[in-house]
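Written below as structure tokens is the structure these notes are about.
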Amino acid sequence: MKLKNTIITIALLLLIAVIFSFKDSGKNSYATNYFQSLKSLSNSQSQLLENIKKNDFQTEKDLEKIRKEILNTRLKLKGMDFWFRYFEPNVYKKMNGPLPVEWETEVFEKYEKPYKREGAGLSLAIQYIDEENPDKDTLLRLIQSSIDAEQTYSNDSITVNLQSYHHFYLCNRLYLLNLAAIYTTGFECPDTASVIPELKVMMTEVNKIYKSFNESFPDASLNTDYLILYDKTLDFVAKQSSNYSSFDHFIFIRDYINPLFTINRDLIKKYRVSSKNMLDYSLNKEATSIFKKNLYNGQNSKGVFLRMEDTAALNELERLGKMLFYDPILSGNNMRSCASCHKAGQYFTDTTSKTSLHFNQKDYLSRNTPSLLNAEYNHLLMIDGKHFTLQHQITSVVSNETEMCSSEKQALAKVMSCKDYKKSFNKLLKYTPQESEITFEHIASAISYYYSRFSTSYAPFDEAMNKTISLDPESIRGFNIFMSKAQCATCHFVPQFNGVKPPYVGSEFEVLGVPADTGFKMQSADKGRYEINPASQTLNAFRTGTIRNAAYTMPYMHNGVFSNLMQVINFYNNGGGAGKGLVVNNQTLSSDPLGLSEAEKQLLIKFIMSLTEQVKVEQAPKYLPFSSDKSLNKRISGGIY
Amino acid sequence: MLVRCAGPKKVAYEFPTAMAPAIQAEYAKQCDKGKILYDINCSRCHTTKAKGKEIIPDFNALQLETYQIRITNETHENNLTETKVTAEELSLILTFLAYKKKNEVLK
């Protein structure tokens, strides 16, 4: 009897112990996975460092050996990319930075001066070893720096995140966005032959992360829909070619990544996931597809009227904005309006000349007029990123001597001399209680609100990605070339196709070596970003603009040097300015030719055509509000030049 | 130096004595705007009201980190998004909170 009891007790205890140990391992398996992967990466990096030290760097064979090892270590790194990139993106640049030096101003810090980030790590190491006579110390430094950076990821401030599920869904969102935007393009992978093999390893590793997460967080787990689709995605990728130029980027995103994004988004809502990370700052939890315009917040087009929700008031704001957009009263001589250069019928740019007419009616401006469509999806405005906000941009153009040549004060006074404007704005004043009277900010906000309404349309490409229409096979092939061989997508990122990449908190600037004229005798003299942030890397660097609607926004580049898309593509195909023999310091575009065939170039153009949005064209207002100053009443809607 | 400001309940500001009067006046203007924006965006959660009196909390400098404030806690993450309050507005609010007189009960 006693024995029996003891046995039962022991059995029970054992059972409890077993249950607990299961529970325990379940609880920890996610964090354990993290720490084990970190350890394995750490060992691999240290080993790499030792082997480089021991290597003679004499023969091609020596180098090849190191090369292989770097690539292998990179695979370990890719396995942790899911976490690293989200937890500490700046530290990650020391491990996998695509460039030795980058200048940044992030969305939440844009009122501060741009700061310098030095890149290092395995991505640069692989690039470096392919250079002529690579030197050992440089290579060691790049690796050592990655080893130092890696320590950060075992800090408590980071690992504490692993104790709850919140960060996981946000890491995963970023991961999915990057699967659509950069992981298949060679963005951080200079060795293009490794792009897809690395992708395969990374996606498999992430599957392990998913499994361990679900064990540890059964109450906030990834659902079966997600897991099944992810398995199918792995199957799809496994069957795809290892050559990124034959990889079907279109199907990958449309049938797999975007639907996964949608499920992940639903789970973010369901589990009420909350963020403690600045990287989520711009992203919008409401966006159900990567190809919806509300994916990230972009610029505040409503300006001071930010919190105005009332439809009637918004309609009134739009009406005022429209009149002001066409009203030359904003210019010094009452002869020019925004529409003088940003023409509604021409996708809100000026397709008739390289650069628009100067205020003096004789000269031409030095820069091409960009389209206003999707301007709000830029983090910094203007080709050199001079302005932070749309309203600031308007204040500046109105007082610019070469453009509208008025002043904030003068323009405000003239606008308020018109009864309609005055009465209507005063009615809207109640929406901005912090302001005691109408200011130029109110006027600027009405204008930016008006033209931004035109950026809400979609292109056939978006609709195809959202599966509401199907896209012709040529545009799809063009997209696949864009994402791979032509390297376009390493700068023009999915889905806006501008230089704003996930998580959409900064604009990129690039040096292409754009020529002064099509004879390629010299580089354009425009210093670009250097004007705003002088540094050797920013000289002749320009903001990567969107190629949405580019089929109709000719001429192209900051100086309007190219008049058709074929010229632009040929420029890239030849390796930019440097590829054409111009002396370009620090060109960030590869100067190697792309080797695109004529047929491939045509397909690229086809794809760009599929990015043409169905923008509605409005007529200019017939009449403009009367002013109490009679001399102003002769002004003509839209201006005269 | 104390400056009175406009608004439903008057708040006093405290500027460092070393600050030139013209600059104080400039800051006072910003604080006035900041107060109104605070009332719109923050007071419903932060101002303690009792018997017609109001207390606006005294945050310390560390808590008034402009960029961090949007995500310091879950409630903020959902309520202080870019679509609800702009960076410029936040900085006015934080200026107001930094210079408002401490330990004050508004009547």
Side-chain angles (χ1 to χ4, degrees), chain A residues 105-112 164 166-167 170 268-269 271-287 294 296-309 376 379 388-392 395 429-437 439 441 444-445 448 504-505, chain B residues 4-11 13 25-45 47 56 62-97 99-100:
Chain A
T105 35
E106 284 172 356
V107 83
F108 37 86
E109 294 173 338
K110 64 184 170 186
Y111 298 91
E112 291 175 1
S164 88
H166 291 277
H167 76 285
L170 303 165
I268 286 179
K269 296 291 274 189
Y271 299 135
R272 305 191 46 193
V273 169
S274 93
S275 164
K276 287 230 170 230
N277 190 325
M278 279 301 180
L279 289 195
D280 299 307
Y281 183 98
S282 286
L283 281 154
N284 181 353
K285 285 180 192 164
E286 302 308 318
N294 65 349
Y296 64 94
N297 288 329
Q299 296 281 342
N300 162 21
S301 66
K302 285 167 149 180
V304 281
F305 296 106
L306 180 70
R307 286 171 293 273
M308 189 159 99
E309 300 286 348
E376 65 182 289
H379 157 56
F388 304 140
T389 70
L390 296 174
Q391 295 73 36
H392 193 202
T395 309
L429 191 59
K430 68 166 186 274
Y431 292 96
T432 59
Q434 72 276 26
E435 301 295 339
S436 52
E437 59 186 358
T439 63
E441 275 292 297
S445 303
S448 57
Y504 317 109
V505 293
Chain B
R4 286 280 154 195
C5 88
K9 294 256 189 244
K10 297 217 183 279
V11 180
Y13 307 136
E26 201 41 54
Y27 269 104
K29 263 197 226 154
Q30 293 199 14
C31 288
D32 286 350
K33 281 193 186 185
K35 164 71 166 68
I36 298 168
L37 291 165
Y38 169 88
D39 287 341
I40 297 170
N41 294 294
C42 326
S43 69
R44 68 178 189 281
C45 298
T47 298
I56 298 176
L62 208 67
Q63 292 172 317
L64 299 180
E65 253 283 352
T66 319
Y67 312 121
Q68 293 299 338
I69 205 144
R70 290 197 199 266
I71 49 160
T72 34
N73 55 60
E74 192 184 336
T75 324
H76 278 200
E77 204 239 329
N78 291 318
N79 284 281
L80 302 187
T81 57
E82 274 186 303
T83 49
K84 303 226 165 88
V85 51
T86 68
E88 296 90 326
E89 290 175 337
L90 261 186
S91 98
L92 289 170
I93 294 172
L94 298 182
T95 306
F96 159 72
L97 291 172
Y99 289 115
K100 81 176 196 59

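Each chain gets a letter, A, B and so on, in the order the sequences are listed, and its residues count up from 1.
Proximity to chain A (any heavy atom under 4.5 Å) is restricted, for E89(B), to the side chain, taken from C-beta onward. Using a 4.5 Å cut-off between heavy atoms, T72(B) touches chain A through its backbone atoms (N, CA, C, O) alone. Of the two parts of I40(B), only the side chain, counted from C-beta on, holds a non-hydrogen atom closer than 4.5 Å to a non-hydrogen atom of chain A. Contacts between N277(A) and chain B at a heavy-atom distance below 4.5 Å involve the backbone alone (N, CA, C, O).
The two atoms that bring N73(B) and K276(A) nearest to each other are CA-NZ, 4.0 Å, heavy atoms only. In this structure, I71(B) and M278(A) approach most closely via the heavy-atom pair CD1-N, 3.7 Å. Closest approach of E88(B) and T389(A) over heavy atoms only: OE2-CG2, 3.4 Å.
Atom OG1 of T81(B) and atom CG of D280(A) lie 13.0 Å apart (nearest 0.5 Å). To the nearest 0.5 angstrom, T86(B) atom OG1 is 11.5 Å from Q299(A) atom CD.
No other option in Q68(B), E74(B), H76(B) has as many heavy-atom pairs under 4.5 Å with chain A as E74(B). Among K285(A), H166(A), R272(A), K302(A), the residue making the largest number of heavy-atom pairs under 4.5 Å with chain B is K285(A).
The environment of K269(A) atom NZ is dense: over 12 non-hydrogen atoms of other residues, nucleotides or ligands sit within 6.0 angstrom. Annotation for Y296(A): atom OH counts as buried by contact number, over 12 foreign heavy atoms lying within 6.0 Å.
The backbone N or O of L37(B) lies less than 3.5 Å from no partner atom in the side chain of Q434(A), so there is not a single donor-acceptor pair.
Between K84(B) and L306(A) there is no side-chain heavy-atom pair separated by less than 4.5 Å.
With salt bridges taken as basic N to acidic carboxylate O contacts below 4.0 Å, one links E435(A) and K33(B).
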